[in-house]
Amino acid sequence: MSKLTTMHDAIARYVHDGDTIAIEGFTACIGFAAAHEIIRQGRRDLVLCRMTPDLVYDQMIAAGCARKLIFSYLGNPGVGPLHAVRRAVEKSIPAPLELEEYSHFGMVARYIAGAYHLPFFPLRSYLGSDLPKVNPRIQFIESPYGDGPVAVVPPLNPDVAIIHAQRADANGNTQLWGLLGAQKEAAFAAQHVIVVVEEVVDEEVIRSDPNRTLIPGLIVDAVVHEPYGAHPSYVQGYYDRDNDFYLRWDEISRDEAATRAWLEEWVYGVGDRAEYVEKMGRETWERLRPAQAWSRPVNYG
Amino acid sequence: MSKLTTMHDAIARYVHDGDTIAIEGFTACIGFAAAHEIIRQGRRDLVLCRMTPDLVYDQMIAAGCARKLIFSYLGNPGVGPLHAVRRAVEKSIPAPLELEEYSHFGMVARYIAGAYHLPFFPLRSYLGSDLPKVNPRIQFIESPYGDGPVAVVPPLNPDVAIIHAQRADANGNTQLWGLLGAQKEAAFAAQHVIVVVEEVVDEEVIRSDPNRTLIPGLIVDAVVHEPYGAHPSYVQGYYDRDNDFYLRWDEISRDEAATRAWLEEWVYGVGDRAEYVEKMGRETWERLRPAQAWSRPVNYG
Amino acid sequence: MSDYSPSEMMIVAAARALAGVRTVFVGVGLPNIACNLAQRTVAPDLELVYESGVYGARPRRLPLSIGDPALITGALSVCSMADLFGLYLQGGRLEVAFLGGAQIDRYGNLNTTVIGDYARPKVRLPGSGGACEIAIHARQVFIIMRLSRRSFVERLDFLTSPGHLGGAGERERLGMPGRGPQVVVTDKCVFRFDPASGEMGVVSLHPGVRLEDVRAEMGWAPRVSPDLAETEPPTQEELRLLREELDPMGVYRS
Amino acid sequence: MSDYSPSEMMIVAAARALAGVRTVFVGVGLPNIACNLAQRTVAPDLELVYESGVYGARPRRLPLSIGDPALITGALSVCSMADLFGLYLQGGRLEVAFLGGAQIDRYGNLNTTVIGDYARPKVRLPGSGGACEIAIHARQVFIIMRLSRRSFVERLDFLTSPGHLGGAGERERLGMPGRGPQVVVTDKCVFRFDPASGEMGVVSLHPGVRLEDVRAEMGWAPRVSPDLAETEPPTQEELRLLREELDPMGVYRS
């Protein structure tokens, strides 16, 4: 039973105002196409979860989609701060934004607890840090076997997880390679899962390498075929990271008007991702074309 | 820096009387060659950990290597009981054997706690079961977020984990496919790791598919090249499970003398695994030759 | 073809209980063949999940164990046991799980650990495996067991895997996510659980079986449904699938 | 070649601190280039681990972020962040981690969260990322930071990642597995931590730097080692490796 649909329809059906959303992907495979569609559909009051909010949430926050951010690292990696997030936090532009912060392992642990249906997940972190003082969700408990207190965090169960990957079949059996981030945990923790892929492949391709299947169709609600859907982040083997854009966003996003103008041109001004890809121009995709480095096949016979 | 060594030397160096040992591998990739070498070297008083003790521990227990078994399923899968284990438990033949038992997820959780350096690992199991009554290591704690009691188990940190896999480089960067069991968790939980592989490959093979590396050389002490080292269990893509032997063992192991005779012939009577392979004969390996079912390569460029 | 064995009737009845189900957690043996039959009849979208870590298996031969290499070749996904028990099972993704045991009581509690005293057992059984957590987490548990006085006991020697414990409502009080045992399929009859008491009751007798035959094999006097029916015998198509496609060697016929 | 920048001196001093180390947890920027230099000089067996999940990277170009695709191609292993933080870091497998921050105090505690009040910050910084648990678990922490009065403060605005907390022994009392900060490499001098007090003290001044220059950039009067030395300047080979192989564009020179 095919779950193939358009990005428009997937977002319209599964993402509602006020929902808790996780668009995961650590540096790689960040679901910008989905984010832009959420912006176009004018969603409001979202609770946005991501280890690294990155440009994807900076843009959504600039567009006024969010009321709260749950995160562990708030920056444009290697470049600087996220200016739209700052404006929202410091000046409530375009809307106030609440922050709830963890360390990286704390965020991973929240997703694991959510995915494992556990009431909490223990981690040896936060001792001596001020983080628990500003985030009462971080607690400490004693081990029944002794050995001192251990930190715990509660489960995080998004309403929707949006996962970008290299390939899936029409049922949503999804294979991802390169950086794996916390995508599997976020997907299993979520109520609904939208998978966005560079290629929709025949089930036989998936079945040729079952260990590579990170997310089974079992938990997937919608499959969207969206080539270049993670730009300006990257997809290993498909396109490189557009570091130039990450640098340019630092300039654009410093200025509120420039940010709005960018959203007008590149989000509201295009109907869908295909139009964005077309508008970005062939030379962009040439510039970002990766080298070839193929895995050696293994025998599952 | 190569970690390649012989099975004799790896066992002599890392496995000592009284050690806690985990030879993991769920149905597949069970380290029989290592177990037989431990028997030949006459180790005693071992604490043997495995989710499914299988024939591998039945043989070690028949040979008098163990004083205790930590496990979750005690049987010859699909065939019947483990007779040598029964003789040890019921009649102390050849030596008394203590049992410490969990459910499957409880064993996995113990390895995870060990690997994650956590004082415990929580799981939603054991409520209503008699298992916690006979195993005081299983405890229940309250979540600080409410939601009732949750079971916890303590970490399991073997002195040595022995992991059989398809291939590794000389530094111990190890790739495993097919069933993954709890090998990664057991290896990371252990003080020392011995990796036994069907093929030692050039580092470039490993580097062609880094997501397939289950165990990094970082945690590996010794690499042993031992083709057919998991027989009568199987290695996906290399040889099938010898189901005939699993049936025959049920006959052999019912009788104490027959068991000793089998050990004399197939363990003490051969110098090493190569001799066992030779003695088993070419028709065995022909019979167990698997089909070809190759994974489609992926691009890491 | 109208002649069939009690085992065949049991497999067919188990397969029919899976009508419309999408995901099932399955062991080898009878449950496996019942699930394969259901895929070909009442549950075409059924995906089989094995505790060895396999999802969406497509075995070219009947698997001999839940870790059979034939289950891996061409599967949709093969994951670690941490993922299987943590994400799939405890994560609440499995609709139905099949279980069995050496002993069962009226509330569907199961013993797979010991016969006799735990410290000095008469028979040492394999233990829980994954059964304890499967019994807690699968949304529904289906049980397949041959009916016998040794197995259907008034009091378990050891409670390995919780059914309805002391009666209806106790699972909920303990916060168990799954609804517990729903059906017990035997070679003589089918039991379902009474929602009010949590106790199993005979709902249908296989053709030719009398209620006394059932009572004779049980350690307690079972409730009997007021709507007690005769189990529909296997259809010719069900028997053909079983004998020609699923079990041509007749391993599960007797 | 005898002319070199303070940044080059800082990178070289950081690389030398890695002599003999086998595994390092590394961020991008200065730590990354220091580790690459160490691999080619004092620590040939050094394996780099990135919090993005990469072990044994062999990048063909200088990575621009810790998630750069060039780190993945040809790596020995790439794993999930759960594995990276759970198995590698919390599992105690990492010998050294490099950290930095916007503020540091005398005990090596670090702030990467806010300048000013948490609720109404003057500057909102990126937050912990993995730093909080890295600071707790890496067996040793090496810190690289430019010396300045804004950064080396008497009192942190926010303690993100624990160093020696209130002084020597406090980490042990809290059961922290790692030994905490060992060295702080700056563009003017090198600090090491006094085992008795847990407080950093100047152990060497980079050539041409006076103790007053260091004191002028610090929010407290630092301890000074009785064996205060002059940092060995970069060798010609170190500078050649930096300028020709590792940073031909001169990104990290100034």
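If you measure heavy-atom distances from B:Phe121 to chain A, the contacts under 4.5 Å come from the side chain alone. Both the backbone and the side chain of A:Val298 have a heavy atom closer than 4.5 Å to some heavy atom of chain B. Contact of A:Pro210 with chain B is not made at all, since no heavy-atom distance falls under 4.5 Å. Contact annotation for B:Leu123: only backbone heavy atoms (N, CA, C, O) come within less than 4.5 Å of a heavy atom of chain A. With a 4.5 Å cut-off on non-hydrogen atoms, B:Val152 touches chain A through its backbone and its side chain both.
Of the listed residues (B:Pro155, B:Gly148, B:Pro119), the greatest number of heavy-atom pairs within a distance under 4.5 Å of chain A belongs to B:Pro119. The choice from A:Gly146, A:Ala291, A:Pro154, A:Pro290 that makes the most heavy-atom pairs within less than 4.5 Å of chain B is A:Pro154.
What you find for A:Pro122 and B:Leu118 is that their closest heavy atoms are O-CD2, 3.6 Å.
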Could you list each N or O donor-acceptor pair linking chain A to chain B at a distance under 3.5 Å?
unit_1, atom_1, unit_2, atom_2, d
A:His117, O, B:Arg124, NE, 2.4
A:Arg124, NE, B:His117, O, 2.4
A:Arg137, O, B:Tyr145, OH, 2.5
A:Tyr145, OH, B:Arg137, O, 2.5
A:Tyr145, OH, B:Val152, O, 3.0
A:Val152, O, B:Tyr145, OH, 3.1
A:Trp177, NE1, B:Asn299, O, 2.8
A:Gly178, N, B:Asn211, OD1, 2.7
A:Gly178, O, B:Asn211, ND2, 3.0
A:Ser208, OG, B:Arg296, N, 3.1
A:Asp209, OD1, B:Arg212, NH1, 2.9
A:Asp209, OD2, B:Arg212, NH2, 3.1
A:Asn211, OD1, B:Gly178, N, 2.7
A:Asn211, ND2, B:Gly178, O, 3.0
A:Arg212, NH1, B:Asp209, OD1, 2.8
A:Arg212, NH1, B:Tyr300, OH, 3.1
A:Arg212, NH2, B:Asp209, OD2, 3.1
A:Gln236, NE2, B:Tyr300, O, 2.9
A:Gly237, N, B:Gly301, O, 3.0
A:Gly237, O, B:Asn299, ND2, 3.4
A:Ala291, O, B:Asn299, ND2, 3.4
A:Ala293, N, B:Asn299, OD1, 2.7
A:Ala293, O, B:Tyr300, N, 2.7
A:Ser295, N, B:Val298, O, 2.9
A:Ser295, OG, B:Val298, N, 3.0
A:Arg296, N, B:Ser208, OG, 3.1
A:Val298, N, B:Ser295, OG, 3.0
A:Val298, O, B:Ser295, N, 2.9
A:Asn299, O, B:Trp177, NE1, 2.8
A:Asn299, OD1, B:Ala293, N, 2.7
A:Asn299, ND2, B:Gly237, O, 3.4
A:Asn299, ND2, B:Ala291, O, 3.3
A:Tyr300, N, B:Ala293, O, 2.7
A:Tyr300, O, B:Gln236, NE2, 2.9
A:Tyr300, OH, B:Arg212, NH1, 3.2
A:Gly301, O, B:Gly237, N, 3.0

